[in-house]
Amino acid sequence: MSRALATTTANAPQPVPAGLDPARLPAHVAVIMDGNGRWAKQRNLPRVMGHREGVEALKRTLRLCSDWGIGALTAYAFSTENWSRPGEEVSFLMTLFERVLARELQALEQEQVRIRFLGDLEPLPEGLQRLIADATERTAANTGIHFNVCTNYGGRAELVRAARRLAERCAAGELDPAAIDEQSFGAELLTAGERDPDLLIRTSGERRISNFLLWQLAYAEIHITDVLWPDFDEAALLGALRDYQSRQRRFGGVDSC
């Protein structure tokens with residue numbers, strides 16, 4: 001049996017590793033989980049095996065973020081562009097989502113993980129939609145790490161959706177266009193209520209954000225690693241966090257003398 005997605009009573013929480021400043025950890029980490037297919041190809045395995053191992057990497061990452069006191073983890077699980085992949089691979093991914101969510105929901109509840117799925121969920125299989133709705137409702141009041149799974153998500157589509165909703169409110173006379181500001185726009189995003197990511201991790205060496213959280217990543221620190229996602233482990237996460245803590249975050253300003 002695979003280990004639970006969150007830390008269980010059989011796996012005591014791990015302390016923050018030496019060399020990391022607990023007071024300077026990112027409050028919100030976002031990850032672009034890239035390299036599953038290449039990981040499988042290197043081992044002469046079907047691509048789907050890379051996705052299975054990618055789930056294990058995500059479980060490790062969530063567990064460590066929770067243990068170390070990181071408040072939120074947002075994972076790019078399935079983009080709006082991923083529908084163009086071979087039908088067999090897409091079907092496998094949808095089935096994998098269902099199986100993992102059904103298997104791990106009890107552990108998520110026990111460990112107080114709050115899970116949300118961000119994206120256009122209507123095209124997903126009905127069984128998966130029901131599981132998502134159930135998981136979201138059952139964990140909504142949990143007080144632990146916020147786990148956001150971007151599923152059938154596209155950053156541009158999210159921005160268009162927010163603009164359309166604001167336009168509808170203006171057309172209905174509920175909102176003065178002159179009153180639209182960053183706060184009101186952000187309130188219409190799928191991540192409303194969540195602080196923006198402090199750190200974006202992208203695996204497999206690719207150097208692009210791939211239509212992910214286009215608004216929310218405005219001031220995120222970006223860490224690129226050549227590690228393929230299925231191999232992303234404690235050492236890789238530690239390296240990303242050390243890189244983050246080496247940065248001077250100025251948010252457009254300058255260092256004080």
Side-chain angles (χ1 to χ4, degrees), residues 3-8 11-36 38-39 42 50 53-77 111-115 143-150 155 191 194-257:
R3 295 174 65 186
L5 193 59
T7 306
T8 67
N11 301 290
Q14 299 187 39
V16 176
L20 280 184
D21 181 353
R24 297 181 55 237
L25 288 171
H28 185 175
V29 173
V31 291
I32 299 177
M33 306 179 292
D34 199 11
N36 292 346
R38 274 166 281 179
W39 183 92
Q42 288 176 0
E53 290 301 315
V55 170
E56 297 303 313
L58 181 56
K59 289 159 62 176
R60 288 193 298 268
T61 303
L62 176 61
R63 186 180 305 113
L64 290 169
C65 286
S66 178
D67 287 354
W68 295 349
I70 293 170
L73 174 67
T74 298
Y76 202 7
E111 296 305 316
Q112 288 293 298
V113 176
R114 191 200 73 176
I115 187 169
T143 57
I145 188 171
H146 293 182
F147 182 33
N148 304 308
V149 184
C150 291
T191 53
E194 194 79 76
R195 66 174 289 163
D196 291 341
D198 301 296
L199 171 64
L200 169 67
I201 300 170
R202 176 148 194 167
T203 57
S204 84
E206 300 293 348
R207 299 178 181 273
R208 56 182 179 273
I209 58 175
S210 298
N211 200 22
F212 183 47
L213 299 178
L214 298 179
W215 175 279
Q216 299 89 336
L217 292 176
Y219 281 102
E221 300 298 324
I222 300 177
H223 174 81
I224 305 293
T225 175
D226 289 332
V227 173
L228 301 178
W229 178 249
D231 291 329
F232 194 84
D233 56 10
E234 180 175 350
L237 179 59
L238 182 57
L241 295 175
R242 284 175 174 162
D243 184 21
Y244 171 81
Q245 292 195 344
S246 73
R247 312 282 183 91
Q248 294 293 327
R249 305 191 74 199
R250 295 184 294 274
F251 298 98
V254 296
D255 291 332
S256 58
C257 297

Check your understanding: Considering residues at least two apart in sequence or located in another chain, which fulfil the ring pair (Phe, Tyr, Trp, His ring centres under 6.0 Å) criterion with W229?
Key -> F232
Review point. Do R242 and L20 have side-chain heavy atoms sitting under 4.5 Å apart?
Key: yes
Point to revise | Qualifying residues under salt bridge (charged side-chain N to carboxylate O under 4.0 Å, His left out), relative to D226, sequence neighbours excluded | key: none
Point to revise | Flag for R249-Y244: side-chain donor and acceptor within less than 3.5 Å | key: yes
Review point. Can you check whether R195's main-chain N or O pairs, donor with acceptor, with H28's side chain at less than 3.5 Å?
Key: yes
Review point. If you measure from the Lys or Arg side-chain nitrogens to the Asp or Glu carboxylate oxygens, is any gap between D233 and R60 under 4.0 Å?
Key: no
Review point. Checking R202 side chain against R208 main chain: does a donor-acceptor pair fall under 3.5 Å?
Key: yes
Check your understanding: Do Q14 and R63 have side-chain heavy atoms sitting under 4.5 Å apart?
Key -> no
Check your understanding: Quick one: does Q245's side chain have a donor or acceptor within less than 3.5 Å of a partner on D21's backbone?
Key -> yes
Practice item. Report yes or no: does D243 contribute a side-chain atom to a donor-acceptor pair with the main-chain N or O of H223 at less than 3.5 Å? Key: no
Practice item. Would you indicate whether the side-chain heavy atoms of L58 and M33 approach each other to under 4.5 Å? Key: yes
Exercise for review: Examine distances only and state if a side-chain atom of W68 and a backbone atom of P15 form a donor-acceptor pair shorter than 3.5 Å.
Suggested key: yes
Review point. Within the distance-only criterion (no hydrogens, no angle test), does the side chain of T61 pair as donor or acceptor with the backbone N or O of A57 below 3.5 angstrom?
Key: yes
Check your understanding: Is any side-chain heavy atom of I201 less than 4.5 Å from a side-chain heavy atom of I32?
Key -> no
Check your understanding: Is the shortest distance from a Lys or Arg side-chain nitrogen in E206 or R38 to a carboxylate oxygen in the other one below 4.0 Å?
Key -> yes
